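Remember, predicted model here, so these are calculated numbers, not experimental data.
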Amino acid sequence: EDHTKVIQCNIRDITEHKKVKQSLLESETKYKTLFEMAHDAIFLMDGNIFVDCNQKTLDMIQCTREQIICQPPYKFSPANQPDGRASDEKAKELINAAYAGVPQFFEWTHIHLDGSTFDAEVSLNSVKLKEKDYLLAIVRYITERKMAEDRIRDSEERLKALFHASIDGIGVERNGKFEYVNPSFAGMYGYPTPEELYGVSVERLVAPEDRERLAEYSKKRLEGTHAPNMYQYRALRKDGSAFDAEISISEYMLNHELFIVGFVKDVTEQKRRQEDIVKRQILEAQFKLKSVLTDIVPVMLNSMGKDGR
């Protein structure tokens, strides 16, 4: 009986397998690094429960990983959103829509662990990992941006109020046509509402004798050469009657287009008073001259008589 031991060795080339494994490991490390180093908070949700998050999430909510994992998103939301809807009801609706394959992008009010609120911009997308559906949420902190937007909105509302309440007429033109005018401007030119002047040619409100001069000013502004910033001209009302106007011009560029803002005053009465003053001064000068001549002429005649001339 042969008691020879036989050892069988199976050798397999696993070089490619090791390369794939190494590639997967490197890819996992890369994405894990991106996940942790992202400037936005990133959540992974199973159903409506947080199952993973990055460090930015913990910084944003101001909590530990243990305090957020296995919790629903509406636990870190006030009872109601700014639109009045209950946070839990609205969150479930958005989550269900995202799981149904409709990506969601919206603004949301969250709360820190201490209960203070902050504004966020949220995107929700369904992802499949190991044959299972999850929800990926990316949350961006926008409180400071919202505050800046509120300040801009307040500033715009104040400027709009000043624009509409101004006693002076204010008109904004682009390419020789009115974009906006305030009620005072419309009333000055005899138009019941500002909207009637939108799109109307600026030339229509200028008397014929001044159109060429004002057209030259506009041409110079478009060319970037000097044009007067304040001048007077004869203006035309809707009914064709004329009045004396004084305009102060400002320019600004928006989206590479030149806009002209004109602040207009009706100076008809002012010019009439000035003309009355000039007339009075002329009359006073004539009266003084007449008085002087009345005194001088007899003396001259008397002097001429004595000389026999």
Side-chain angles (χ1 to χ4, degrees), residues 16-154 156:
E16 193 62 30
H17 176 73
K18 291 196 69 174
K19 285 181 179 179
V20 171
K21 187 175 181 180
Q22 181 63 28
S23 178
L24 289 172
L25 183 61
E26 289 174 358
S27 179
E28 183 180 348
T29 302
K30 179 176 68 176
Y31 284 109
K32 185 67 176 177
T33 301
L34 290 173
F35 180 74
E36 290 298 341
M37 298 299 291
H39 291 291
D40 294 329
I42 303 176
F43 306 83
L44 192 63
M45 298 169 60
D46 182 2
N48 63 346
I49 298 297
F50 293 130
V51 294
D52 199 3
C53 67
N54 64 352
Q55 182 59 44
K56 189 66 178 181
T57 301
L58 307 180
D59 297 338
M60 190 178 291
I61 303 295
Q62 298 174 359
C63 66
T64 64
R65 183 176 296 275
E66 291 73 23
Q67 289 171 317
I68 195 170
I69 298 302
C70 297
Q71 299 295 333
Y74 36 86
K75 180 176 180 180
F76 302 95
S77 306
N80 297 92
Q81 289 299 301
D83 62 2
R85 291 191 62 188
S87 291
D88 56 351
E89 175 190 322
K90 188 172 183 178
K92 289 174 184 176
E93 183 180 296
L94 293 165
I95 289 169
N96 289 338
Y99 271 121
V102 183
Q104 301 294 304
F105 185 78
F106 52 92
E107 289 186 2
W108 191 264
T109 300
H110 276 290
I111 58 174
H112 299 296
L113 198 63
D114 64 5
S116 58
T117 62
F118 66 93
D119 295 305
E121 203 170 62
V122 182
S123 68
L124 296 178
N125 287 278
S126 178
V127 295
K128 190 176 287 291
L129 299 172
K130 296 181 180 179
E131 303 304 316
K132 182 176 176 61
D133 289 327
Y134 292 90
L135 208 60
L136 181 69
I138 300 176
V139 180
R140 176 165 295 177
Y141 183 87
I142 61 168
T143 297
E144 292 177 359
R145 190 187 82 189
K146 292 274 286 185
M147 290 173 65
E149 288 173 353
D150 289 342
R151 286 194 295 270
I152 291 171
R153 192 177 300 110
D154 289 343
E156 288 176 345

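Looking only at side-chain heavy atoms (C-beta outward), Ile68 and Leu58 come within less than 4.5 Å of each other. With a 4.5 Å cut-off on side-chain heavy atoms, Gln67 and Ile61 do not count as touching. The shortest side-chain heavy-atom distance between Arg85 and Glu93 falls under the 4.5 Å cut-off.
For Thr57 against Ala41, the heavy-atom pair with the smallest separation is OG1-CB, 3.4 Å. The minimum heavy-atom distance linking His110 with Ala120 is given by the pair CD2-CB, 3.9 Å. The minimum heavy-atom distance linking His39 with Lys56 is given by the pair O-CE, 3.0 Å. Here the closest non-hydrogen pair linking Cys63 and Leu113 is CB-CD2, 3.8 Å. When all heavy atoms are compared, the tightest approach of Gly115 to Ile111 is O-CG2, 3.8 Å. Minimum interatomic distance between Pro78 and Ser87 (heavy atoms only, all atoms of both residues): O-OG, 2.5 Å.
Considering only residues two or more places apart in sequence or on other chains, Asp150 meets the salt bridge (charged side-chain N to carboxylate O under 4.0 Å, His left out) condition with Arg153. Scored by the salt bridge (charged side-chain N to carboxylate O under 4.0 Å, His left out) test, Lys146 finds Glu107 as partners (sequence neighbours excluded). Contacts of Arg151 classified as side chain to side chain donor-acceptor pair (under 3.5 Å), with partners at least two apart in sequence or in another chain: none. Residues passing the side chain to side chain donor-acceptor pair (under 3.5 Å) test with Gln104: none are found, sequence neighbours excluded.
For residues 49-79, the set of pairs meeting the ring-ring contact (aromatic ring centres under 6.0 Å, His included) definition, not counting sequence neighbours, comprises Phe43-Phe50.
Between the side chain of Thr143 and the main chain of Asp119, a donor-acceptor pair closer than 3.5 Å is present. One N or O on the side chain of His112 and one on the backbone of Met60 form a donor-acceptor pair closer than 3.5 Å. In this structure a side-chain-to-backbone donor-acceptor pair under 3.5 Å is missing from Asp46 to Ile49.
Electrostatic pairing of Arg65 and Asp52 counts as a salt bridge here, judged by a charged N lying under 4.0 Å from a carboxylate O.
Atom CD1 of Ile42 and atom CZ of Arg140 lie 10.5 Å apart (nearest 0.5 Å). In this structure, the separation between CD1 on Ile69 and CD on Gln71 is 9.5 Å, given to the nearest 0.5 Å. Taking CG of Leu94 as the reference point, atom CG of Asn48 lies at 12.5 Å (rounded to 0.5 Å).
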Residues 122-137, side-chain donor-acceptor partners within the protein, below 3.5 Å, at least two apart:
residue	atom	partner	partner atom	Å
Lys128	NZ	Asp133	OD1	3.0

